[in-house]
*Asks:* 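My questions all concern the structure below.
Naming convention: chains lettered A, B, ... in sequence-line order (proteins, then strands); numbering from 1 in each chain.
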2 protein chains.
Amino acid sequence: MSIVTKLETFLDALEGSQTPDDIQSLVVALRESYGVSNAVYHAVNVGPMPYAALTYSPEWMQYYHDQKYVQVDPVVKGAIRQFHPMDWKQLDWSGKGSREFLGEAIAAGVCNQGLSVPIRGPNGQFALFTINDNCNDASWEKFSKEYKRDMMLISHYIHRRVTEILIPESENDTRALSPRETDSLKYLSLGFSRGQISEKLKISEHTLRVYIDSARHKLGALNTIHAVMTAYSRGLISF
Amino acid sequence: MSIVTKLETFLDALEGSQTPDDIQSLVVALRESYGVSNAVYHAVNVGPMPYAALTYSPEWMQYYHDQKYVQVDPVVKGAIRQFHPMDWKQLDWSGKGSREFLGEAIAAGVCNQGLSVPIRGPNGQFALFTINDNCNDASWEKFSKEYKRDMMLISHYIHRRVTEILIPESENDTRALSPRETDSLKYLSLGFSRGQISEKLKISEHTLRVYIDSARHKLGALNTIHAVMTAYSRGLISF
DNA sequence: ACGCTATTCCCCATAAATAGTGAGGGCTAT
DNA sequence: ATAGCCCTCACTATTTATGGGGAATAGCGT
């Protein structure tokens with residue numbers, strides 16, 4: 001069972017990794033063990049600083065960053081509204097920006113076939129794991145079908161390790177909001193006005209204001225929008 | 001390889017499911033094939049109406065819903081800030097509400113050991129997949145270690161199927177925002193005032209307002225807070 | 001070439017948010 | 001039982017945001 005062996009070997013190695021450089025080495029090793037041209041873990045929205053572990057050239061990585069291509073890249077734009085691993089053939093490559101990006105990406109060594117796994121974590125974390133190769137559609141389909149589940153597990157475990165390494169523990173010390181504060185922010189996030197919310201909660205608008213204010217202070221938020229966003233990304237309210 | 005067989009059998013059956021009732025039957029079948037007391041898929045924040053496929057008693061499900069226990073349940077509160085599958089032993093069961101809930105849950109047939117897999121999708125989707133059994137810590141640890149990856153894949157595929165069945169296609173017709181609109185909402189989400197943002201973007205405050213307004217209209221949002229939340233949960237802005 | 005969208009600017013009136021300072025009763029945990 | 005948070009309501013004043021208009025230039029896609 002070579003599938004299981006490859007996966008097990010990788011996940012075991014991942015457990016032993018301690019630094020971002022270790023992750024980088026593992027991604028390189030992964031490319032080789034699965035026989036693809038590129039493997040990329042890209043932390044799109046994880047913690048304050050950007051992070052990626054990849055086998056693309058450092059020049060392309062730097063250029064991608066400098067050009068703010070994360071806002072253009074059809075892979076990112078597509079994956080962010082996707083739940084399941086996504087084949088690059090599903091993507092929309094039309095539009096001037098996308099076509100220019102594609103040209104530059106191919107020139108930089110990015111291949112024609114790709115499979116990208118969206119990864120979502122708490123606090124609005126979003127990352128992508130991509131494998132990328134040059135081959136025809138039939139071969140890619142076969143490869144993709146055989147290893148998709150491996151890739152789903154691998155992407156999950158890489159993200160887990162990366163966040164363990166990158167995100168300090170102190171990020172998690174979140175004093176919870178009171179039920180009324182939670183309710184207030186939840187209705188605000190749904191677009192209701194204070195008048196509507198105070199009716200729903202059957203309290204005066206003054207009281208509602210007290211909740212919103214205290215929630216804002218507890219969350220260390222600068223204003224109501226910030227408070228709602230903070231509460232949402234900390235999982236204190238749902239949408 | 002019984003593990004692979006079980007998993008394959010389940011995922012194949014899942015592909016053939018067409019209705020919420022089919023999913024329910026599959027969850028019951030899953031409980032039996034893995035030999036646990038309960039299996040639960042719980043769509044906490046997926047689409048407008050609540051949904052669950054589970055082997056707990058209908059009475060407990062109804063009571064849980066009526067009591068709004070989703071706001072109390074330590075499993076939900078814990079999983080929502082967790083990325084990796086979470087053993088119930090990691091949870092904080094202190095606090096009056098949690099202890100009362102625990103008592104009622106056990107009386108309703110919920111077992112002492114549990115493993116819950118958090119599932120996150122686009123547009124702020126959040127769901128939970130839980131397996132639950134009565135046994136000692138050592139047995140559970142063994143079981144958990146053996147089948148955790150199966151459960152991760154199963155939870156992903158159940159959620160995928162549920163959303164395919166429950167969420168209509170029309171939810172996905174999202175016109176993208178322009179770069180300036182994106183910038184405006186991003187800075188709003190970070191807590192800046194319109195004065196600060198117009199300085200940063202080097203445009204007049206009037207112009208900024210045009211962007212915020214047009215973003216609001218494009219997103220079908222009721223006000224600015226709603227627009228920012230919608231943009232965020234659709235992945236149009238990062239945080 | 002035409003239409004659509006992006007970008008930029010402006011006025012006015014009303015609604016909402018922010019920052020103070022207050023008070024009283026209830027529940028929980030140590 | 002005592003401290004701390006939770007829930008509820010009230011007043012005032014200032015700053016900011018919202019919603020309704022309108023208008024011009026420039027670029028991109030069909």
Side-chain angles (χ1 to χ4, degrees), chain A residues 71-72 74 92-101 174-231 236, chain B residues 71-72 92-101 174-185 187-229 236:
Chain A
Q71 294 174 23
V72 177
D92 175 21
W93 293 95
S94 69
K96 197 191 172 196
S98 296
R99 273 183 276 107
E100 284 177 4
F101 174 81
T174 310
R175 202 171 21 152
L177 299 175
S178 79
R180 289 307 233 184
E181 288 160 352
T182 307
D183 290 341
S184 305
L185 294 192
K186 193 187 314 185
Y187 283 120
L188 282 175
S189 77
L190 293 171
F192 295 107
S193 71
R194 301 200 299 196
Q196 291 173 307
I197 298 171
S198 61
E199 273 181 38
K200 276 179 199 286
L201 297 179
K202 288 172 182 142
I203 55 177
S204 77
E205 213 174 314
H206 300 279
T207 304
L208 176 65
R209 270 184 39 197
V210 174
Y211 295 143
I212 298 171
D213 288 355
S214 63
R216 211 179 52 238
H217 287 125
K218 280 186 189 174
L219 296 170
L222 295 165
N223 55 37
T224 306
I225 294 178
H226 195 202
V228 172
M229 283 297 296
T230 307
L236 304 174
Chain B
Q71 294 174 23
V72 178
D92 175 22
W93 292 94
S94 69
K96 198 191 172 194
S98 297
R99 272 183 275 106
E100 284 177 6
F101 174 81
T174 311
R175 209 173 12 155
L177 300 174
S178 77
R180 290 307 234 181
E181 288 161 353
T182 307
D183 290 341
S184 305
L185 294 192
Y187 283 120
L188 282 175
S189 76
L190 294 171
F192 295 105
S193 72
R194 299 203 297 197
Q196 291 173 307
I197 298 171
S198 59
E199 273 181 37
K200 276 179 200 288
L201 296 180
K202 289 173 183 141
I203 54 177
S204 77
E205 209 173 317
H206 301 280
T207 304
L208 176 64
R209 264 188 45 197
V210 175
Y211 295 141
I212 299 171
D213 289 355
S214 63
R216 211 179 48 239
H217 286 123
K218 281 185 188 174
L219 296 170
L222 296 164
N223 54 37
T224 305
I225 293 178
H226 196 201
V228 172
M229 284 297 294
L236 304 175

*Asks:* For residues 198-206 of chain B, which residues have at least one heavy atom under 4.0 Å from DNA chain D?
*Replies:* B:Glu205
*Asks:* Who are the side-chain contact (heavy atoms from CB on, under 4.5 Å) partners of A:Ala231, not counting sequence neighbours?
*Replies:* A:Leu177, A:Leu185, A:Leu219, A:Leu236, A:Ile237
*Asks:* For the residue pair A:Trp93 and A:Phe101, does the interplanar ring angle fall in the parallel (under 30°), tilted (30 to 60°) or perpendicular (over 60°) class?
*Replies:* parallel
*Asks:* Check salt bridge (charged side-chain N to carboxylate O under 4.0 Å, His left out) between A:Arg216 and all other residues, then give those that pass, not counting sequence neighbours.
*Replies:* A:Asp213
*Asks:* Nearest of D:dC7, C:dA6, C:dC9 to any side-chain atom of A:Ser178?
*Replies:* D:dC7
*Asks:* Tell me which nucleotide among C:dA6, D:dC7, C:dA16 gets nearest to the side chain of A:Ser193.
*Replies:* C:dA16
*Asks:* Once side-chain hydrogen bond (donor to acceptor under 3.5 Å, both in side chains) is applied, do any residues pair with A:Thr182, and if so which ones, sequence neighbours excluded?
*Replies:* none
*Asks:* A:Asp92 has an atom CG; how far is it from atom P of D:dG29, in whole Å?
*Replies:* 12 Å
*Asks:* Would you say a side-chain N or O of A:Thr207 is under 4.0 Å from OP1 or OP2 of D:dC9?
*Replies:* yes
*Asks:* Would you give the length of the straight line joining atom CG of A:Leu188 to atom CD1 of A:Ile197, rounded to the nearest 0.5 angstrom?
*Replies:* 4.0 Å
*Asks:* Closest heavy-atom contact between A:Leu222 and B:Leu190?
*Replies:* CD1-O, 3.8 Å
*Asks:* Nucleotides 18-25 of chain D: which of its N/O atoms have a protein N/O under 3.5 Å away?
*Replies:*
| residue | atom | partner | partner atom | Å |
| --- | --- | --- | --- | --- |
| D:dT18 | OP1 | B:Thr224 | OG1 | 2.3 |
| D:dT18 | OP2 | B:Thr224 | OG1 | 2.8 |
| D:dT18 | O4 | B:Arg209 | NH1 | 3.3 |
| D:dG19 | OP2 | B:Arg216 | NE | 3.1 |
| D:dG19 | OP2 | B:Arg216 | NH1 | 2.9 |
| D:dG19 | OP2 | B:Arg216 | NH2 | 2.4 |
| D:dG19 | N7 | B:Arg209 | NH2 | 3.1 |
| D:dG19 | O6 | B:Arg209 | NH1 | 2.6 |
| D:dG19 | O6 | B:Arg209 | NH2 | 2.2 |
| D:dG20 | O6 | B:Arg209 | NH2 | 2.8 |

*Asks:* Rounded to the Å, how far apart are B:Glu181 CD and C:dT5 C1'?
*Replies:* 9 Å
*Asks:* How long is the line joining NZ of A:Lys218 and C1' of D:dC5, in whole Å?
*Replies:* 8 Å
*Asks:* When you measure from the side-chain N and O atoms of B:Tyr211 to the phosphate of C:dT8, is any distance below 4.0 Å, counting only OP1 and OP2?
*Replies:* yes
*Asks:* Between the protein and nucleotides 1-4 of chain C, which nitrogen or oxygen pairs come in under 3.5 angstrom?
*Replies:*
none

*Asks:* For A:Ser193, what residues pass the side-chain contact (heavy atoms from CB on, under 4.5 Å) criterion, not counting sequence neighbours?
*Replies:* A:Gln196
*Asks:* Taking only residues two or more places apart in sequence, or in another chain, which ones meet B:Ser214 in a side-chain hydrogen bond (donor to acceptor under 3.5 Å, both in side chains)?
*Replies:* B:Glu181
*Asks:* Take the C1' atoms of the five end pairs on each side of the helix from C:dA1-D:dT30 to C:dT30-D:dA1, derive the two axes, and give their angle rounded to 10 degrees.
*Replies:* 80°
*Asks:* List the protein contact pattern of nucleotides 25-30 of chain C with one symbol per nucleotide (5' to 3'): B for base contact, S for sugar-phosphate-only contact, - for none; contact means a heavy-atom distance under 4.0 Å.
*Replies:* ---SS-
*Asks:* Only counting residues at least two apart or in another chain, list the ones meeting side-chain contact (heavy atoms from CB on, under 4.5 Å) with B:Glu100.
*Replies:* B:Lys96
*Asks:* Once rounded to the nearest 0.5 Å, what's the spacing between atom OG of B:Ser189 and atom CE of B:Met229?
*Replies:* 10.5 Å
*Asks:* Which atom names give the shortest non-hydrogen contact between A:Asp92 and A:Pro74, and what distance separates them?
*Replies:* O-CB, 3.8 Å
*Asks:* Tell me, do A:Arg194 and A:Ile212 make a side-chain contact under 4.5 Å, heavy atoms counted?
*Replies:* yes
*Asks:* Please give, in whole Å, the distance from C:dT7 P to B:Asp183 CG?
*Replies:* 9 Å
*Asks:* Throw together a table of side-chain donor-acceptor distances under 3.5 angstrom for residues 199-206 of chain B, partners on residues two or more places apart or in other chains.
*Replies:*
| residue | atom | partner | partner atom | Å |
| --- | --- | --- | --- | --- |
| B:Ser204 | OG | B:His206 | N | 3.4 |
| B:Ser204 | OG | B:Thr207 | N | 3.1 |
| B:Ser204 | OG | B:Thr207 | OG1 | 2.9 |

